[in-house]
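Basis for what follows: all heavy atoms, side chains included, without hydrogens, waters or symmetry-related copies. The model shown is predicted, which means the values in this text are computed figures rather than measured ones. Chain letters run A, B, ... following the sequence lines, proteins first, then strands; residues in each count from 1.
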There are 2 protein chains.
Amino acid sequence: MSDNDLQRLFAALLHLDLPKSMTSRLCALGGDVDIKCGAAAELDGSAARFIAFVAEGVAKFVGHLGNDREQVVAFLLANDLTVFPRSDAVPYSLHGITDCRVLTFPADAFIRTIAADPDLAKAVCEHMFVAFDQSRDMSVLLGRKTAQERVATFLTSMAERIGKQNDDGVSLSLPVSRREIADSLGLTIETVSRQFTELRELGIIDTNGRSEVTILDRLRIREAAALPC
Amino acid sequence: MSDNDLQRLFAALLHLDLPKSMTSRLCALGGDVDIKCGAAAELDGSAARFIAFVAEGVAKFVGHLGNDREQVVAFLLANDLTVFPRSDAVPYSLHGITDCRVLTFPADAFIRTIAADPDLAKAVCEHMFVAFDQSRDMSVLLGRKTAQERVATFLTSMAERIGKQNDDGVSLSLPVSRREIADSLGLTIETVSRQFTELRELGIIDTNGRSEVTILDRLRIREAAALPC
DNA sequence: CGTTGCGTTGAATCTTCTCAAATCAAGTGG
DNA sequence: CCACTTGATTTGAGAAGATTCAACGCAACG
């Protein structure tokens with residue numbers, strides 16, 4: 001694990017430079033996993049739970065139901081921290097959408113270590129709470145939103161994460177395929193595609209090629225997403 | 001907040017008696033909320049996040065989308081600990097299904113306090129991780145499972161929480177109405193009812209009145225729930 | 001320039017929802 | 001104890017939304 005990676009971890013957590021004492025302790029704990037684009041992470045199937053920090057690239061957590069039924073429960077962009085899901089009910093795996101560098105820490109040891117620094121503990125908890133909230137928002141989306149609302153919600157949230165303001169509105173380059181969008185929204189690729197088309201025809205978005213999207217009307221897409229305006 | 005409530009909290013967290021020093025510190029932090037059956041909790045709409053512990057009764061977290069669209073993101077039974085969801089995207093509220101007694105702690109202060117005791121910190125984190133996992137399992141259910149699989153999954157998980165083994169199988173008395181089941185599974189009450197009927201006709205469950213259910217065949221209900229057997 | 005994979009479109013089908021009516025359970029007052 | 005009220009649940013028929021299957025278009029790459 002490089003100092004550079006740890007610096008990114010601390011910056012993401014605290015917006016602070018890293019205290020040297022903590023660096024060395026986390027360095028001793030952490031593992032360093034490279035995931036190739038399209039590959040699943042090599043995570044020892046041990047019973048221990050662990051915390052994952054994405055230093056570079058884009059990854060996804062996928063739950064598997066069999067019969068080719070997959071549900072993406074989270075997209076992880078660079079600098080995202082999360083708890084790897086462990087469940088008796090559904091097997092999960094971590095996949096690289098692009099080539100990734102992921103830092104992993106055994107959860108128990110990680111918690112014990114960061115508890116020593118109140119600011120750090122608070123920051124880590126806050127990150128987990130936000131991830132938890134996102135997961136519950138996702139439950140509301142999956143349980144109650146229409147296909148159009150789901151796609152609009154997805155675009156809104158991606159725009160907040162990686163969008164760039166320009167003359168026409170907010171532009172973004174989607175780091176994920178239609179299949180991955182569909183797998184995260186509980187839809188099929190065809191339905192996602194139809195909703196892209198409809199949002200374009202409504203003048204709410206514009207598209208260019210497979211991955212370029214511009215949100216033309218911030219208010220109307222939030223309305224279409226059933227989000228508070 | 002009574003000593004008895006705190007004793008329950010610690011027992012639920014640690015399976016241990018409560019250390020006196022911690023009791024008094026948490027006592028100072030905590031608020032005590034009574035929720036009447038059917039009522040929403042009076043939670044000051046402040047920006048602070050908080051942790052909730054259900055000492056008595058059954059409660060539910062509900063996300064609201066407007067147009068009467070509601071999604072129950074969690075049922076909380078007695079002794080459950082959770083983080084109250086805060087989201088810019090969806091308003092949430094806490095409702096009593098029965099009369100409830102709920103202990104609430106400001107999240108920041110709670111985290112700071114329990115960090116002093118490594119065992120307690122670990123136990124609290126483990127609880128949060130489990131709740132997080134349940135939320136992600138729920139995303140898989142809502143995103144990819146059929147109506148029958150959802151209802152079978154719900155019954156399986158309730159049976160694990162409150163079921164009692166007897167001659168015929170595992171019996172349970174559902175603490176929630178069909179509407180609440182539907183609201184948590186992303187279905188309508190009619191569809192839930194039809195799936196109850198179908199599971200009964202398949203000989204997988206038996207029902208008695210509105211709330212008594214017996215799971216006759218543990219393996220077949222897990223199969224019907226798309227759970228690993 | 002052809003191949004290959006991803007994305008889009010169309011038509012038919014299926015599951016679940018909606019709306020309406022019937023039934024059941026639990027309480028209330030006689 | 002019984003009729004009646006009230007709210008929850010069940011059942012049925014038709015409608016809506018999303019899926020499935022199949023074909024076509026487009027973009028990247030050798």
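Looking at heavy-atom distances under 4.0 Å, A:L187 makes contact with sugar-phosphate atoms alone, never a base. Within 4.0 Å (heavy atoms only), A:R178 reaches sugar-phosphate atoms of the nucleic acid but no base atom.
Residue order along DNA chain D, read from the 5' end via each residue's closest nucleotide, puts B:I189 first among A:Q148 and B:I189.
Between C:dT8, D:dT20, D:dT11, one nucleotide has an atom nearer to the side chain of B:S193 than all others, and that is D:dT11. In this structure, of C:dT9, D:dG12, D:dA27, it is D:dA27 that holds the atom nearest to the side chain of A:R210. Checking C:dC17, D:dA18, C:dT8 against the side-chain heavy atoms of B:T191 singles out C:dC17 as nearest.
Judged by distance alone, with hydrogens and angles left aside, A:R194 brings a side-chain donor or acceptor within reach of the base of D:dT20, the pair sitting under 3.5 Å.
Protein atom CG of A:L142 is 13 Å distant from nucleotide atom P of D:dA18, rounded to whole Å. B:E190 has its CD atom 15 Å from the P atom of D:dA13, to the nearest Å. The separation between A:E180 atom CD and C:dG5 atom P is 16 Å, rounded to whole Å. Between A:R200 atom CZ and C:dT8 atom C1' the separation is 9 Å, expressed in whole Å. Rounded to whole Å, the distance from CG on A:D183 to C1' on C:dC6 is 14 Å. Distance CD (A:E201) to P (C:dT8): 12 Å, rounded to an integer number of Å. When rounded to the nearest whole Å, the span between CG of B:L199 and P of D:dT10 equals 12 Å. When rounded to the nearest whole Å, the span between CD of B:E198 and P of D:dT10 equals 14 Å.
Side-chain atoms of B:T191 and B:T188 include a donor-acceptor pair closer than 3.5 Å. Between the side chains of B:D133 and A:S87, no donor-acceptor pair is found at a separation under 3.5 Å.
Dashed line: the shortest gap from a side-chain N or O of B:T188 to OP1 or OP2 of C:dC17 is under 4.0 Å. For C:dT9, the OP1/OP2 oxygens have a side-chain nitrogen or oxygen of A:T197 closer than 4.0 Å.
Screening A:L76, A:I51, A:V54 for a side-chain contact (heavy atoms from CB on, under 4.5 Å) involving A:T82 leaves a single residue, A:L76.
Residues A:F75 and A:F154 come closest through the heavy atom pair CE1-CE1, 4.0 Å.
Aromatic ring pairs are classed by plane angle as parallel below 30°, tilted from 30° to 60° and perpendicular above 60°; the pair B:F84 and B:F61 is perpendicular.
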